[in-house]
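First comes the structure, then the notes that go with it.
Values reported hereafter were calculated over all heavy atoms of this structure, with side chains retained and with hydrogens, waters and symmetry mates removed. Chain identifiers are assigned alphabetically (A, B, ...) following the order of the sequence lines, protein sequences preceding nucleic acid strands; residue numbering begins at 1 within each chain.
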Amino acid sequence: MIRNLGYACINMHLQKSKITTNRGMKRATFLAKGLPYASELALKNVIDLEKVIIWNEENDIKFFRISSDIFPWCSEYEFTQLPDYHKIKEVMERIAYYVRLHKHRLSAHPGPFNLLASPNEAVVKKTLIELENHSKVFDLLELEESVYNKINIHIGATYNNKELAANTWVKNVRRLSDTCLSRLTVENDDKASMWSVKELYEMVHSQCSVPIVFDYHHHSFCTGGLSEFEALQTATKTWPYDIIPVVHYSEGKSVHLNDSTIRPQAHSELINGPIKTYGINVDVMIECKGKEQGLLNFRKSILLKD
DNA sequence: CCAGGTCAAGGGAGT
DNA sequence: ACTCCCTTGACCTGG
């Protein structure tokens, strides 16, 4: 059964009035303008995050993915160094209270450059810092230390040796702080050569408690020999018994537009469903270009059917 | 104001 | 060897 529907990072409606949480800048600008400008953008992002979350509550949406761009270039400094840190913290505390009051579920999805299985130690170190920074944002929001508020990544590579890559990934996961690790999840990939739910279960989850996020669309490109139901069941049973597992749902743009030249992995504007849960309770993160519009549209379509 | 070229990162796949 | 893509397009410059 679908419990909560969520959407990722951008609110299309609010964005029209310049309310956005991912103001950033190019490297050159960061080098030229430094911390004061990073701080200015971060404060604006955080102020707008509050607006987005309030909008979510008013529209009965209690599940949202926070943009990784909320603190621009944050791998280059400590949050406390930002000139506006106290103002930022104040807003974050207000959001924290609101989120707790209205029982919102927040998550994050650090990008494809986060590679814990890399044989390159410099890459791993950067990844560890990036993941810890996501966790620090969650700390500012006073989010609980569990996969209720997940920080989700992919393994992202195989280095021609999945066994070794899985072992390296698990070894490096243990270098994270307990807080960060308590929030970490790992997701199945959208390419046949990469990581299926089956492989994540057998090679990764068997060695560490990190739960598996099941992505329906990705699964269709990388089944690992499991049916949709089997993969969903395998992934969701890796979650703590008292936390509703999160799954990701999207549909192919090429299917929606009936255009085979579009790569099949690309996401459609809206989604039609059905989202088959096979009786399993899940919170569904909807990934479509239309963001919250896709969620609202889909929710309306379910209500009409019932 | 707008279109379009450009933009941190690692790795894999396609040309 | 080069280019595109990925979580999530957005920044920024030149016209």
Side-chain angles (χ1 to χ4, degrees), chain A residues 6-12 14-16 18-33 37-38 40-41 44-45 48-49 52 64-77 106-131 133-134 137 150-162 164-165 168-169 172 184-195 213 215 217-218 221-222 246 248-250 253-254 261-269 285-295:
Chain A
Y7 70 99
C9 307
I10 295 167
N11 183 300
M12 305 275 280
L14 294 176
Q15 190 169 241
K16 279 187 252 168
K18 305 287 178 209
I19 293 170
T20 172
T21 64
N22 55 3
R23 295 173 185 83
M25 62 189 140
K26 293 184 180 182
R27 178 184 186 78
T29 309
F30 179 61
L31 291 176
K33 299 190 175 179
Y37 189 53
E40 185 187 324
L41 293 182
K44 283 183 175 160
N45 286 339
D48 283 357
L49 175 64
V52 171
F64 179 66
R65 179 186 298 166
I66 295 180
S67 166
S68 295
D69 298 331
I70 190 159
F71 288 90
W73 291 97
C74 67
S75 53
E76 307 293 320
Y77 54 83
L106 300 179
S107 66
H109 198 344
F113 305 108
N114 289 283
L115 301 160
L116 287 178
S118 176
N120 181 344
E121 171 62 14
V123 171
V124 174
K125 275 215 175 89
K126 271 191 226 168
T127 302
L128 294 170
I129 290 170
E130 183 82 359
L131 294 176
N133 280 335
H134 279 80
V137 172
K150 75 181 164 57
I151 296 174
N152 177 58
I153 58 173
H154 292 260
I155 296 188
T158 62
Y159 309 97
N160 293 317
N161 185 342
K162 276 190 176 162
L164 178 63
T168 306
W169 196 88
N172 286 327
L184 194 72
T185 60
V186 65
E187 178 183 347
N188 59 311
D189 283 300
D190 65 2
K191 274 190 293 197
S193 63
M194 299 290 270
W195 298 87
V213 169
D215 185 307
H217 193 209
H218 293 178
F221 304 104
C222 182
V246 172
H248 291 179
Y249 186 85
S250 58
K253 181 176 183 175
S254 58
T261 65
I262 300 170
R263 33 190 295 284
Q265 287 89 349
H267 292 169
S268 58
E269 190 65 23
M285 174 53 63
I286 293 174
E287 296 173 335
C288 63
K289 293 293 173 193
K291 303 297 175 187
E292 89 287 356
Q293 300 298 322
L295 187 159

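Here the side chain of A/N45 pairs a donor or acceptor atom with the backbone of A/R23 at under 3.5 angstrom.
Partner assigned to C/dC12 is B/dG4, using Watson-Crick or G-U wobble distances below 3.5 angstrom. Nucleotide B/dA9 forms no Watson-Crick or G-U wobble pair with any nucleotide shown, as no partner meets the under 3.5 Å limit on both distances.
At a cut-off of 3.5 angstrom, counting only N and O atoms as typed in the model, there is no donor on one side facing an acceptor on the other between the side-chain of A/S67 and the base of C/dT7.
Using a 4.0 Å heavy-atom cutoff across all strands shown, A/Y159 reaches sugar-phosphate atoms only and no base atom. Counting any heavy atom pair closer than 4.0 Å across all strands shown, A/T20 reaches no nucleic acid atom. At the heavy-atom level, A/N114 lies nowhere under 4.0 Å from the strands shown. Residue A/R263 is classed as a sugar-phosphate contact, given heavy-atom separations below 4.0 Å to backbone atoms only. If you check every strand for non-hydrogen atoms under 4.0 Å, A/E287 touches sugar and phosphate atoms only. Note on A/E76: nothing from the nucleic acid sits closer than 4.0 angstrom, heavy atoms only.
Spacing between atom CG of A/N172 and atom P of B/dG10 amounts to 16 Å, rounded to whole angstrom units. Distance A/M25 CE to C/dA10 C1': 13 Å, rounded to the nearest Å. Spacing between atom CG of A/N133 and atom P of B/dA8 amounts to 19 Å, rounded to whole angstrom units. Between A/N11 atom CG and C/dT8 atom P the separation is 15 Å, expressed in whole Å. The distance between atom CD of A/E269 and atom P of C/dT8, rounded to the nearest whole Å, is 13 Å.
Taking atom C1' on both C/dA1 and B/dA8, the two are 22 Å apart, rounded to the nearest angstrom. The separation of C/dC4 from C/dG9, taken at their C1' atoms, amounts to 15 Å, rounded to a whole angstrom. Using atom P as the reference point in both C/dT3 and B/dC7, the two lie 13 Å apart (nearest Å). Separating the P atom of C/dC5 from that of C/dA10 is a span of 16 Å, rounded to the nearest Å. Taking atom P on both nucleotides, C/dT8 is separated from B/dC2 by 27 Å, rounded to a whole Å.
Here C/dT8 is the nucleotide among B/dG12, B/dG10, C/dT8 with the atom lying nearest to any side-chain atom of A/S68. Counting only heavy atoms from C-beta on, A/K291 has its side chain closest to C/dT8 among B/dG12, B/dG5, C/dT8. For A/P112, counting side-chain heavy atoms from C-beta on, the closest listed nucleotide (B/dA13, C/dC6, B/dG5) is C/dC6. With C/dC11, C/dA10, B/dG12 as the choices, the nucleotide that has an atom nearest any side-chain atom of A/A157 turns out to be B/dG12.
Here A/E287 pairs with A/R65 in a salt bridge; the nearest charged N to carboxylate O distance falls below 4.0 Å.
Shown here for A/T21 and A/S67, the closest heavy-atom pair between the two residues is OG1-CB, 3.9 Å.
Toward the 5' end of DNA chain C, the nearer of the two residues A/T29 and A/H109, judged by each one's closest nucleotide, is A/H109. Taking the nucleotide of DNA chain C with the nearest heavy atom to each of A/F113 and A/G24, the more 5' of the two is matched to A/F113.
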